[in-house]
Amino acid sequence: MANVVVVGAQWGDEGKGKIVDWLSEKADVVVRFQGGHNAGHTLVIDGVVYKLSLLPSGVVRPGKLSVIGNGVVVDPHALADEIERLRGQGVQITPETLKVADNATLILSVHRELDALREEGSPEGAKIGTTKRGIGPAYEDKVGRRAIRLRDLANLSTLGPKIDRLLSHHNALRRGFGLPELTSEAIYDELASAAPKVLPYIDATWEVLEARRRAGHRILFEGAQGALLDVDHGTYPFVTSSNTTAGQAATGSGLGPSAVGYVLGIAKAYATRVGEGPFPTELTDETGRTIGERGREFGTVTGRPRRCGWFDAVALRQTASTSGIDGIALTKLDVLDGFDEIKICVAYELDGQRINRLPASQGAQSRVKPIYETVKGWKGDTTAGARSWADLPAQAVKYVRRVEELIECPITLVSTSPERADTILVSDPFEG
């Protein structure tokens, strides 16, 4: 049985939560390996809606071990609040069912404030579109080797020099912004108040995962955001602060690359994006608004309306390569019900030339124009709730098959509603 990595193949918000939940029934362990509480997953189980930001989607499934890996940056107060909120919905979360990496970097109030200052102070056109939750500044401190990590909360008496090192950087920035400097005492109090809420869950998760792997347990690696937001391979600089491609599953969990098996990419049957940055197939007309309304396209974390557009086969073919995707789970096919025609982007035009990849240059990305192929839609019949190929309208099947050809990657799952059971399985990722 292969371990499975789930990654977003577009700009995030592809419906990963439902797919991970669907797969978690066969998994023993579900691991979140990057990002922070800027990501959001919505699960609908037996009519109950669960909204997750930090916790792995497997946490709502009894009998599963959920792990927050070292590649995640953790706001300890946000984590504690999310645990309590889910407990209020009847989800059982204990130190036996949830483990958080002791070497995970912490997000503090100083990170959130800096994130907001930078975003709000950026000139129009230079804003990244961050959630202002401190994710980027926390990753900066991690690579700058001044971060405070979860394990540090276990011995508060050693925090003094670590806080001083952190503030030597941040207070210089604050002076530049004309803000008062922070005191070591204020940071200490913030950390001390969080310690008892999160320490029961910490562990050397790499060791826990290695033991589970050796025992033959099936591991599901859950990514946040999408591959087009990867800090290296995405639409830089309009990206997130971590690597979102499948290779990060190994680094962000502490397991070696050989532990990563089948890579399942998640993609909508159309495209969406939250925040700033290039979006070649964006529709700003009535069609785009219709897709957004039908798909209920609002950010799980921010509530911001998502930009909507036609399916971009060029970008997805590229992310299938950079993430080594073995198969695609196509979600929200039902949102395309009722259109007379549906368009698919099959190439770009850049400065009068046809190209077949998304260029790395920010300027070039802003200038590419989509080249579309038009396919017939399906009216009258619906894909909503379909659980087999026989349940789909013939034109919907043709659309899926055409997408499969264009992205040069097989479609192994099709999701036809937010409900967990409304899923068509072509091949089982856990079988490799």
Side-chain angles (χ1 to χ4, degrees), residues 4-20 32-42 52-53 56-57 71-72 128-131 135-136 139 221-249 252 263-282 291-292 295 297-302 304-332 345 357-358 360 365 403 407 409 411 413 415:
V4 176
V5 182
V6 173
V7 294
Q10 296 162 313
W11 282 280
D13 307 307
E14 300 97 347
K16 293 183 294 295
K18 172 191 167 173
I19 301 300
V20 170
R32 170 79 182 278
F33 60 84
Q34 53 75 222
H37 65 305
N38 55 339
H41 291 160
T42 300
L52 309 179
S53 293
S57 298
V72 179
I128 302 299
T130 79
T131 57
I135 313 299
Y139 273 116
F221 300 90
E222 175 185 9
Q225 289 103 16
L228 290 171
L229 294 176
D230 185 275
V231 71
D232 287 307
H233 299 289
T235 49
Y236 190 90
F238 302 99
V239 293
T240 194
S241 305
S242 60
N243 287 110
T244 58
T245 50
Q248 179 64 15
V263 180
L264 180 68
I266 316 298
K268 284 175 181 168
Y270 49 99
T272 64
R273 178 166 196 169
V274 170
E276 308 299 323
F279 183 4
T281 65
E282 182 175 12
I291 291 173
E297 296 296 352
F298 298 93
T300 300
V301 170
T302 64
R304 290 183 292 181
R306 297 176 185 138
R307 299 154 64 190
C308 297
W310 294 122
F311 187 88
D312 188 335
V314 181
L316 204 141
R317 187 170 59 245
Q318 189 162 323
T319 59
S321 176
T322 57
S323 267
I325 292 173
D326 296 297
I328 290 288
L330 195 69
T331 65
K332 292 198 168 184
C345 175
R357 62 178 174 83
L358 187 63
Q365 288 175 359
V403 164
I407 65 176
C409 186
I411 290 176
L413 287 166
S415 171

J.: List the atom of Ala9, the atom of Ile325, and the distance in Å for their closest heavy-atom pair.
T.: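 The pair with the smallest heavy-atom distance is CB-CD1, 4.1 Å.
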J.: Decide side chain to side chain contact (heavy atoms under 4.5 Å, CB included) for Val5 and Phe33; before the verdict, give the C-alpha distance in whole Å, the side-chain angles of both, and the deciding distance to 0.1 Å.
T.: CA-CA 10 Å; Val5 182; Phe33 60 84; 4.1 Å; yes
J.: Considering all heavy atoms of both residues, which atom of Pro278 and which atom of Arg307 are nearest to each other, and what is their separation?
T.: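 Nearest pair, atom of Pro278 first, then Arg307: C-NH2, 4.4 Å.
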J.: Please check if the side chain of Arg306 supplies one atom and the backbone of Phe298 the other of a donor-acceptor pair under 3.5 Å.
T.: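 Indeed, once roles are kept as given, a pair shorter than 3.5 Å links the two residues.
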J.: Give the minimum heavy-atom separation between Ile291 and Trp310, together with the two atoms involved.
T.: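 Smallest interatomic distance, heavy atoms only, reads CD1-CZ3, 4.3 Å.
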J.: Closest approach of Glu297 and Cys308, non-hydrogen atoms and distance?
T.: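 Closest heavy-atom pair between Glu297 and Cys308: CG-SG, 3.9 Å.
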J.: What heavy-atom pair brings Gly136 and Ser241 nearest, and what distance separates the two atoms?
T.: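 Nearest heavy atoms, Gly136 then Ser241: CA-OG, 3.1 Å.
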J.: Between Thr244 (side chain only) and Gly226 (backbone N and O only), is there a donor and an acceptor less than 3.5 Å apart?
T.: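 Confirmed, Thr244 side chain pairs with Gly226 backbone.
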J.: Scan Thr240, Thr322, Asn243 and name whichever one has a side chain to side chain donor-acceptor pair (under 3.5 Å) with Asp230.
T.: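 Exactly one candidate clears the test, Asn243.
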J.: Got His233 and Gln318 here, is their nearest side-chain heavy-atom distance under 4.5 Å?
T.: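 The answer is no; the side chains never approach within 4.5 Å.
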J.: Provide the closest heavy-atom pair for Gly12 versus Thr272 in the form atom of the first, atom of the second, distance.
T.: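 In terms of heavy atoms, the two residues are closest at O-OG1, 4.1 Å.
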J.: Any non-hydrogen side-chain atom of Arg273 less than 4.5 Å from a side-chain atom of Phe238?
T.: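 SC-SC contact between Arg273 and Phe238 confirmed.
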J.: Between Leu228 and Phe279, is any pair of side-chain heavy atoms under 4.5 Å apart?
T.: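 Sidechains of Phe279 and Leu228: no contact.
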J.: Can you check side chain to side chain contact (heavy atoms under 4.5 Å, CB included) on Ile328 and Val403, steps first, answer last?
T.: CA-CA 10 Å; Ile328 290 288; Val403 164; over 6 Å; no
J.: Any donor-acceptor pair under 3.5 Å linking the side chain of Gln34 with the backbone of Ala224?
T.: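 Yes, because the side chain of Gln34 sits within donor-acceptor range (under 3.5 Å) of the backbone of Ala224.
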J.: Taking only residues two or more places apart in sequence or in another chain, which ones pass side chain to side chain contact (heavy atoms under 4.5 Å, CB included) with Gln10?
T.: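 Counting only residues at least two positions away or on another chain, Gln10 forms a side chain to side chain contact (heavy atoms under 4.5 Å, CB included) with Glu14, Ala267, Lys268, Ala271, Phe311, Leu316.
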J.: Do Ser415 and Lys18 have side-chain atoms, one donor and one acceptor, less than 3.5 Å apart?
T.: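 Ser415 vs Lys18: donor-acceptor pair found between side chains.
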J.: Is it the case that the side chain of Arg317 and the backbone of Ala320 share a donor-acceptor pair, with hydrogens and angles ignored and the cut-off at 3.5 Å?
T.: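 Such a contact is absent between Arg317 side chain and Ala320 backbone.
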J.: Can you tell me how far the CD1 atom of Ile411 sits from the CG atom of Leu330, to the nearest 0.5 Å?
T.: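 The distance works out to 4.5 Å.
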J.: By side chain to side chain contact (heavy atoms under 4.5 Å, CB included), which residues pair with Cys345, not counting sequence neighbours?
T.: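 With sequence neighbours excluded, Cys345 shows a side chain to side chain contact (heavy atoms under 4.5 Å, CB included) to Thr281, Asp312, Val314, Tyr348, Pro370, Tyr372, given in chain and number order.
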J.: Is it true that the side chains of Glu222 and Ser57 contain a donor and an acceptor less than 3.5 Å apart?
T.: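 Present: a donor and an acceptor within the cut-off.
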